[in-house]
Amino acid sequence: MAEKQDVVIIGAGAAGMMCAIEAAKRGRRVLVLDHAKAPGEKIRISGGGRCNFTNIDAGPKNFLSENPHFCKSALSRYGPQDFLALVERHGIAWHEKALGQLFCNHSAKDIVQMLLSEMKQAGAILRLETAISAVEKLSSGFRVTTSGGTIETASLVVASGGKSIPKMGATGLAYRLAEQFGLPVVETRPALVPLTLDPAQLERLGALAGVAADAEVRLGKAAFREAVLVTHRGLSGPAILQISSYWREGAEIVLRLMPDVDIAAALKAMRRTNGRQAPQTVLADMLPRRLAHFFAEEARVTGRMLADLSDRAIDALAASVQAWRLKPAGSEGYRTAEVTLGGVDTRKLDSRTMQARQVPGLYFVGECVDVTGWLGGYNFQWAWASGFVAGQAV
Ligand code: FDA
């Protein structure tokens with residue numbers, strides 16, 4: 001005899017646990033299955049171990065999707081303040097960093113514990129180290145075959161996340177299930193990921209590995225102002241991770257280093273008052289020293305005095321720093337990507353419930369759906385919000 005449940009949730013991550021809490025609070029018999037040894041592993045490692053659990057300003061504008069209006073309904077029904085209230089009810093100390101990002105003061109494990117204790121209190125059951133071998137549609141509900149036996153359920157919630165960090169158990173199961181049930185999947189790609197440079201560019205930039213600078217990074221209409229870091233493989237830092245979600249093979253990104261400073265004006269002013277200075281010395285007052293030398297060498301002005309440089313030469317030098325064009329060769333891929341862009345096509349889901357329109361009882365929540373947040377707590381907010389609305393509907 002198959003075990004019977006009202007709701008089976010595949011994936012004990014952020015979205016799955018939130019959905020379990022809400023469904024169990026409504027009196028549903030809820031079973032959460034996960035193949036991992038521990039629940040919420042991505043929560044545990046997130047935000048450098050402090051979990052950037054939401055962003056106080058999170059709204060639809062902070063998400064990428066082929067169907068940009070889709071996320072509005074869930075985000076409006078469960079916003080950052082709702083999750084914050086839960087965090088506060090559990091006495092978890094938190095602080096706001098720049099740009100509305102909220103972090104735990106102590107440890108990301110506090111968030112995992114909070115979710116587990118809410119699940120327990122509501123009566124949801126968690127079953128770990130359970131592999132899913134098949135999912136079938138019954139005349140009413142679903143049959144889920146697992147390494148621990150067969151379960152029949154009225155509602156099935158797929159909360160198994162994306163493809164990022166396969167070492168942590170990411171499998172892409174959600175996309176296979178979507179296809180099995182005839183739901184299209186928007187092409188997936190690594191996002192919030194460091195970008196790589198080709199060997200020739202790396203040789204030019206080799207001496208810069210480890211240098212970080214404030215920058216505005218732009219690609220088309222998308223622009224992010226945060227730190228950029230040069231690495232041994234290419235470019236990283238928050239501004240690069242942000243733009244990586246918009247980047248496609250062959251595209252150029254434009255970096256404006258030290259965006260608050262008008263470098264051309266500063267160099268020209270210095271030429272009037274102290275023209276004997278070397279351009280790289282003056283640049284080094286505005287930029288990390290290694291970058292200053294790099295740009296002076298690229299512009300072939302090392303060994304010259306500012307007084308020797310024409311307006312045009314100064315403008316060209318400043319433009320190389322403040323309109324630095326780079327063509328990444330690729331990205332570091334799912335190995336280091338924080339999230340997966342694309343996913344289950346939201347045009348086939350009901351935005352109020354996350355239910356597949358053509359398969360009653362089947363729900364997709366969290367990262368596996370084609371809704372991807374910026375860096376800064378937005379992806380967890382989407383996991384909480386989509387899990388919450390599905391939890392009200394299952
Ligand atoms: P999530 O991936 O959390 O959970 C999926 C669950 O399904 C996992 O427990 C997995 O084991 C299970 N599973 C997968 N395949 C399965 C299968 N075949 N059978 C059974 N179970 C299966 N976001 C943010 O907002 N703030 C932050 O600070 C960070 N920081 C961060 C750091 C790092 C290093 C990474 C990789 C990611 C982040 N993120 C983040 C992103 C955030 O972690 C991510 O968006 C959410 O965890 C997504 O939640 P989900 O519940 O959808 O999937």
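Only a predicted model underlies this, so the values are computations on that prediction, with no experimental measurement involved. Order of appearance sets the numbers: ligands from 1, and atoms from 1 within every ligand. Worth knowing before you read on, the calculation uses all heavy atoms, side chains too, and leaves out hydrogens, waters and symmetry mates.
The nearest non-hydrogen atom to atom 28 (O) of ligand 1, considering only Ala14, Gly47, Ala131, Ser160, comes from Gly47. Within the set Glu338, Glu367, Gln381, Lys163, the minimum heavy-atom distance to atom 37 (C) of ligand 1 is found for Glu338. When the heavy-atom distances from atom 15 (N) of ligand 1 to Leu33, Ile165, Thr171 are ranked, the shortest goes to Thr171.
With a 4.5 Å cut-off on side-chain heavy atoms, Trp94 and Leu84 count as touching. Residues Pro184 and Lys348 meet the side-chain proximity criterion, which asks for heavy atoms closer than 4.5 Å.
A heavy-atom separation below 4.0 Å is not found between Ser164 and ligand 1. Ligand 1 lies out of reach of Ala170, whose nearest heavy atom is not under 4.0 Å from it.
Of the charged side-chain nitrogens involved, none lies within less than 4.0 Å of a carboxylate oxygen, so that Glu187 and Arg189 do not count as a salt-bridged pair. The pair Glu66-Arg347 meets the salt-bridge criterion, with a side-chain N (NZ, NE, NH1 or NH2) lying under 4.0 Å from an Asp/Glu carboxylate O.
No donor-acceptor pair closer than 3.5 Å links the side chain of Asn379 to the backbone N or O of Val339. Listed for the Thr54 side chain is no donor-acceptor partner under 3.5 Å among the backbone atoms of Ile56. Judged by distance alone, the side chain of Gln355 and the main-chain N or O of Pro360 form no donor-acceptor pair under 3.5 Å.
Residue Ile132 approaches ligand 1 through these ligand atoms, each under 4.0 Å from one of its heavy atoms: 19 (N). Ligand 1 places these atoms under 4.0 Å from at least one heavy atom of Gly169: 14 (C), 15 (N). Applying the 4.0 Å criterion to heavy atoms of Gly377 picks out, from ligand 1, the atoms 24 (C), 25 (O), 26 (N). Applying the 4.0 Å criterion to heavy atoms of Tyr378 picks out, from ligand 1, the atoms 25 (O). For ligand 1, the atoms lying closer than 4.0 Å to a non-hydrogen atom of Ala36 are 11 (O). For ligand 1, the atoms sitting less than 4.0 Å from at least one non-hydrogen atom of Leu173 are 17 (C), 18 (N), numbered in the order shown with element in parentheses. Per-residue contacts place Ile45 under 4.0 angstrom from the following atoms of ligand 1 (heavy atoms of the residue considered): 34 (C). Those atoms of ligand 1 that come under 4.0 Å of a heavy atom in Asn379, given as number and element, are 23 (N), 25 (O), 45 (O).
Atom 26 (N) of ligand 1 has Asn52 O, 2.9 Å as its closest protein atom, hydrogens excluded (heavy atom only). If you check which protein heavy atom lies closest to atom 4 (O) of ligand 1, you get Gly13 CA, 3.3 Å. Remark: minimum distance from atom 53 (O) of ligand 1 to any protein heavy atom is reached at Gly161 CA, 3.4 Å. Of the protein's non-hydrogen atoms, His35 NE2, 3.5 Å is the one closest to atom 13 (N) of ligand 1. For atom 51 (O) of ligand 1, the nearest protein heavy atom (residue, atom name, distance) is Ala15 N, 2.9 Å. Of all protein heavy atoms, the one closest to atom 30 (N) of ligand 1 is Ser46 CB, 3.2 Å.
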Quiz: residues 106-124 side-chain donor-acceptor pairs under 3.5 angstrom, not counting sequence neighbours:
{"from": "Ser107", "atom 1": "OG", "to": "Lys109", "atom 2": "N", "distance (Å)": "3.0"}
{"from": "Ser117", "atom 1": "OG", "to": "Met114", "atom 2": "O", "distance (Å)": "3.4"}
{"from": "Glu118", "atom 1": "OE2", "to": "His90", "atom 2": "NE2", "distance (Å)": "2.7"}

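The ring-ring contact (aromatic ring centres under 6.0 Å, His included) with Trp374 is formed by just one residue from the set Phe380, Phe63, Trp382, Phe224; it is Phe224.
Below 3.5 Å of separation, one finds an N or O of Asp34 facing an N or O of ligand 1. The shortest N/O to N/O separation between Phe380 and ligand 1 falls below 3.5 Å. By the 3.5 Å distance cut-off applied to N or O atoms, Val339 is not counted among the residues near ligand 1.
One finds the CD1 atom of Ile10 at 10.5 Å from the NE2 atom of His35 (value rounded to the nearest 0.5 Å).
Within 6.0 Å of atom NZ in Lys37, 12 or fewer heavy atoms from other residues, nucleotides or ligands are found, so the atom counts as exposed in its surroundings.
Hydrophobic side-chain contacts under 4.5 Å tie Ile165 into a cluster, directly or through other members, with Ile45, Met168.
Side-chain atoms of Gln5 and Glu3 form a donor-acceptor pair, as typed in the model, at a separation below 3.5 Å.
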